[in-house]
Amino acid sequence: MSTYLNDLNPNQRAAVEQTQGPVMIVAGAGSGKTKVLTTRIAHLLNNDVDAFRILALTFTNKAAAEMKERIESILGNNESRNLYIGTFHSIFARILRQEAPKLGYPSSFTIYDSDDAKNLIKTIVKEFNLDDKIYKTNTVYGRISSAKNALIPPMDYIQDKSIGSEDARANKPMIGQIYAEYSKRCFRNGAMDFDDLLMKMYELLAQHPDRLEYYQQRFQYIMIDEYQDTNVAQYKIVDMLAKKHKNICVVGDDAQSIYSFRGATIENILKFKDDYENVKVIKLEQNYRSTKSIIHVANQIIGRNKNQIPKNLWTDNKAGDLIKLVRTRTDNDEGRYVADAIKEQKLRNHYDNKDFAILYRTNAQSRSFEESLRKAGIPYRIYGGLSFYQRKEVKDFIAYLRVVVNQRDEEALKRIINYPTRGIGKVTLDRLALTSMQNDVSLWETIQNLSGTNVSGGAANSIQNFVLMMRYFQESLTSKNAYELADEVGKQSGIIKDLYADKSVEGMARYENVQELLNSIKEYVESPNEDGEVEEDKSLSTYLQNITLLTDQDNNNEEDKNVVSLMTIHGSKGLEFKNVFAVGLEENIFPSAMSLFDRESLEEERRLFYVVVTRAEENLWITHSNTRYRFGSLVSNEPSRFIDEIPKEYVDMNYSGGLSGSSGGGFNRNTNEFSESYNKYDKSARYGTSKSTRKAIDNNTSTTSIKEQILQKKRKEDFEHVPAQNFEPSDPDSIEVGDRVEHTKFGYGKVVNIDGGMHNRIATVEFEKAGSRRLMLTFAKLSVEK
DNA sequence: CTTTACCCACTTTTT
DNA sequence: GTGGGTAAAG
């Protein structure tokens, strides 16, 4: 008998062993959800279920990769190769490649990312002679995307009265027409966008009963991670697939639903029980990740939300430290503070770089942290943001490859037809576009034969040469592997030469990026297939199919492992870190300015706050800055309302001790702003504590030690030092053991020891009232008594 | 036709 | 502060 079941608690084990019938697992943060899912799959395999019969869907590549890895390590063999584990998008893309002809698409269809999609929309808006101030690309794209995620095709969209009046009210009555044209063009270009991967999958199953039958039969066991984040399309597809065998297991946590902007509807998890008969509901409520303090704070926060499934998250872990609250003066100070704190923690508690994460609400906030970490010599990695494949030079190069594989891919063709510049300018392109539109053919077809166009002379000549070159590439498509062909493209097209010629810093970086792309293609060609597909095909087309849905974070270099992680809170879902810095806790940033108007989106922001708090295993810092640069100008933001929602007895305002002083850090109790917001909080405190969270506190056996901490903190606060009027910090390098020093907050004391290196000297100071403290001299602001 | 110089809109969050 | 788009200059 296998031992893997013994590692599970009773509820986890029940979830694993309940393999038949519909199961809903409500899994709180850190309750071992991934462990349950992976063990469950291993258990199925162990009980003679064929890997081919199992489908497991996740939302991110990261989650899918982790599941695969963990199943392999449980099984100790590569039986998992035949499993279908992946994101909704990548699994459906794989199926759609095989079924493409049924839908009229080529199996080598291109996948448009949102940039491609937006460019196409922009083109259409222009062709329709619409005002792009009214028909903003992002808005139109958003409308189309939501329609697709709700499985509304263009004709239904146009005919739907309520949608029509909604668009009319917004003064955008033509969106339906744009949507129709957009779909037509995607189809003609042999391209699907992200949303099509869902919608076309649905159409395949809905319109082809034999395919539905086939996939129902094939996927007898279906598991879905993060079910609270599914949208209507995902829901419908899964529902159809599972209808026959009804062995469907969904895992989710309504408290962590943070993707409604992408069409996710919390309804799906709430109504699951109505969709199937005899649904087994299993709750996982024991948290194995975080300290009691963190869990308590998290429960308090989420307790403020109205809409939720009642649950009681608890932990047996130690009480842990209080939440460290830090205010800084500027965003750069915030960056510096975090870098210094990481340095200090590493020295003091022997943490590795990988034990730290800096989590922010928007990608744009990463800059100040990048800068400070670089200066401090701390290695880091930014996840998300502009991924490698989205960089202009990489996209340009890939555009060549895309056209070689699929000539109809018009977005790619437009990128490269005059890159590097070959004398095919705007006027020429406009003429070509016009002819294409009149004849209703693709741009590629138009440029095959220029006789019907009014393009001539140098431009016509260039186009002919371009066409010849692309045809030449296409001829090698089957004879050359991906790397050989890509290398050829780089050289013949002139891209490499063009990039090499630019000797500026950015230009060199671009050149290196393209070289890196070529390297990765080479690696792809030389590495064995681990996809589970039995294909030794290393052609360019298979390569492209493999990368389009890879956003980033796939290059898990060993050397990259022990680094500080920077990412958005959305990106951090499912991950855990010993030390978490939740940064930029300011009104208009977090909660986002967009969310302040209605309760629902504010609650979603609060769930997001819940997510970031529950990422932390041991220590959680919450930082915010008085001022920061946004859109290039200085703005000042109020502290986030979420800060007030943390029970104040769990907050250590003095944590930043050494940082207090003019450079900010911690709450200065002389500014009454903070106590005001606390008074506000006190009045509403009762409403904040739900029954379930209160129970969690009562169950908390070692609250005493937390109380003890709170008492200690109170004692610390009992003294108040007013610095001398002429207080001026001394040069940190001049401070020696034995000096009598004054600190702005801790008062007078004596330096008893100094350790640490040249630029991060740490002094141990015995203060008369504040006791013994270890302070980093670079920012402690100590004045030596003469 | 290409390069340069300004202007603007941009910041939620992801596949 | 950036990147893309447009208008004028080369």
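Residue numbering restarts at 1 for every chain, and letters A, B, ... go by the order of the sequence lines. The figures that follow rest on heavy atoms only: side chains count, while hydrogens, waters and symmetry mates do not. These numbers were taken from a predicted model, which means no experiment stands behind them.
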Note to self: So if I take every side-chain heavy atom of K136(A) and compare against dC10(B), dT13(B), dT15(B), which nucleotide ends up nearest?
What the structure shows: dC10(B)
Margin query: Tell me if a side-chain donor or acceptor on T435(A) pairs with a main-chain N or O of R431(A) at a distance below 3.5 Å.
Written below: yes
Note to self: Here's a test of your reading of the structure: between V427(A) and H89(A), which maps to the more 5' nucleotide of DNA chain B?
What the structure shows: V427(A)
Checklist line | Interatomic distance, S372(A) atom OG to R367(A) atom CZ [nearest 0.5 angstrom] | finding: 13.0 Å
Checklist line | Positional range of nucleotides in DNA chain C within the contact set of chain A, heavy-atom, under 4.0 Å | finding: dG1(C) to dG5(C)
Notebook entry, point to check: Roughly, in whole Å, what's the span from CG in L432(A) to P in dC1(B)?
Noted result: 10 Å
Item checked: Watson-Crick or G-U wobble mate for dT11(B), both contacts under 3.5 Å -> none
Next item on the list: Mind calculating the distance between NZ (K573(A)) and C1' (dT15(B)) to the nearest angstrom?
Entry: 13 Å
Check: Would you call the rings of F581(A) and W621(A) parallel, tilted or perpendicular if under 30° counts as parallel and over 60° as perpendicular?
Finding: parallel
Margin query: dT14(B), OP1 or OP2 - any side-chain N/O from N363(A) closer than 4.0 Å?
Written below: yes
Check: Does any N or O in the side chain of E587(A) come within less than 3.5 Å of the main-chain N or O of R641(A), such that one atom is a donor and the other an acceptor?
Finding: yes
Check: Rounding to a whole Å, what distance do you find between N461(A):CG and dC1(B):P?
Finding: 13 Å
Check: In terms of heavy-atom contacts, does NZ of K118(A) have more than 12 from other residues, nucleotides or ligands at under 6.0 Å?
Finding: yes
Checklist line | pi-stack flag for F631(A) and dC10(B), centroid dist under 5.5 Å, interplanar under 30° | finding: no
Notebook entry, point to check: Base, sugar-phosphate alone, or nothing: which one does D113(A) contact when heavy atoms must sit under 4.0 Å apart?
Noted result: nothing
Margin query: Would you say S592(A) places a side-chain N or O within less than 4.0 Å of OP1 or OP2 belonging to dT11(B)?
Written below: no
Next item on the list: Figure out the CG/P separation between D502(A) and dT4(B), and round it to whole Å.
Entry: 11 Å
Next item on the list: Could I get the full list of salt bridge (charged side-chain N to carboxylate O under 4.0 Å, His left out) partners for E586(A), not counting sequence neighbours?
Entry: R628(A)
Next item on the list: Please determine, for dA8(C), whether a Watson-Crick or G-U wobble partner exists with both distances under 3.5 Å, and give it or none.
Entry: dT3(B)
Notebook entry, point to check: If you look at every strand shown and take non-hydrogen atoms under 4.0 Å, does Y629(A) touch a base, only sugar-phosphate, or nothing?
Noted result: nothing
Check: For the side chain of T421(A), counting heavy atoms from C-beta on, which of dT2(B), dT15(B), dT11(B) is nearest?
Finding: dT2(B)
Check: CD1 of I258(A) versus C1' of dT15(B): gap in Å, rounded?
Finding: 14 Å
Item checked: Of G423(A) and F261(A), the one whose closest DNA chain B nucleotide lies more 5' -> G423(A)
Check: Taking only N and O in the side chain of N418(A), is any of them less than 4.0 Å away from OP1 or OP2 of dT2(B)?
Finding: yes
Next item on the list: Assess the side chains of Q365(A) and T362(A): does a donor N or O sit below 3.5 Å from an acceptor N or O?
Entry: yes
Next item on the list: For S633(A) and for K392(A), find the nucleotide of DNA chain C with the closest heavy atom, then tell me which residue's nucleotide is more 5'.
Entry: S633(A)
Next item on the list: Kindly say if N138(A) contacts the phosphate of dT11(B), meaning a side-chain N or O under 4.0 Å from OP1 or OP2.
Entry: yes
Next item on the list: Establish, yes or no, whether the cationic atom of K200(A) lies under 6.0 Å from the six-membered ring centre of F109(A) and within 45° of the ring axis.
Entry: no
Notebook entry, point to check: dT2(B) C1' sits how many Å from D498(A) CG, rounded?
Noted result: 13 Å
Next item on the list: Figure out the CG/P separation between L602(A) and dT13(B), and round it to whole Å.
Entry: 18 Å
Notebook entry, point to check: Given atom CG of D131(A) and atom P of dC8(B), what is their separation to the nearest angstrom?
Noted result: 15 Å
Notebook entry, point to check: Should the pair F609(A) and F642(A) be assigned to parallel (<30°), tilted (30 to 60°) or perpendicular (>60°) ring geometry?
Noted result: parallel
Notebook entry, point to check: If you find the nucleotide of DNA chain C closest to R367(A) and the one closest to K426(A), which residue's nucleotide is nearer the 5' end?
Noted result: R367(A)
Notebook entry, point to check: Does a nitrogen or oxygen in the side chain of T428(A) sit under 4.0 Å from OP1 or OP2 of dC1(B)?
Noted result: yes
Next item on the list: Give one of base, sugar-phosphate or nothing for F590(A), where a contact means two heavy atoms less than 4.0 Å apart.
Entry: nothing
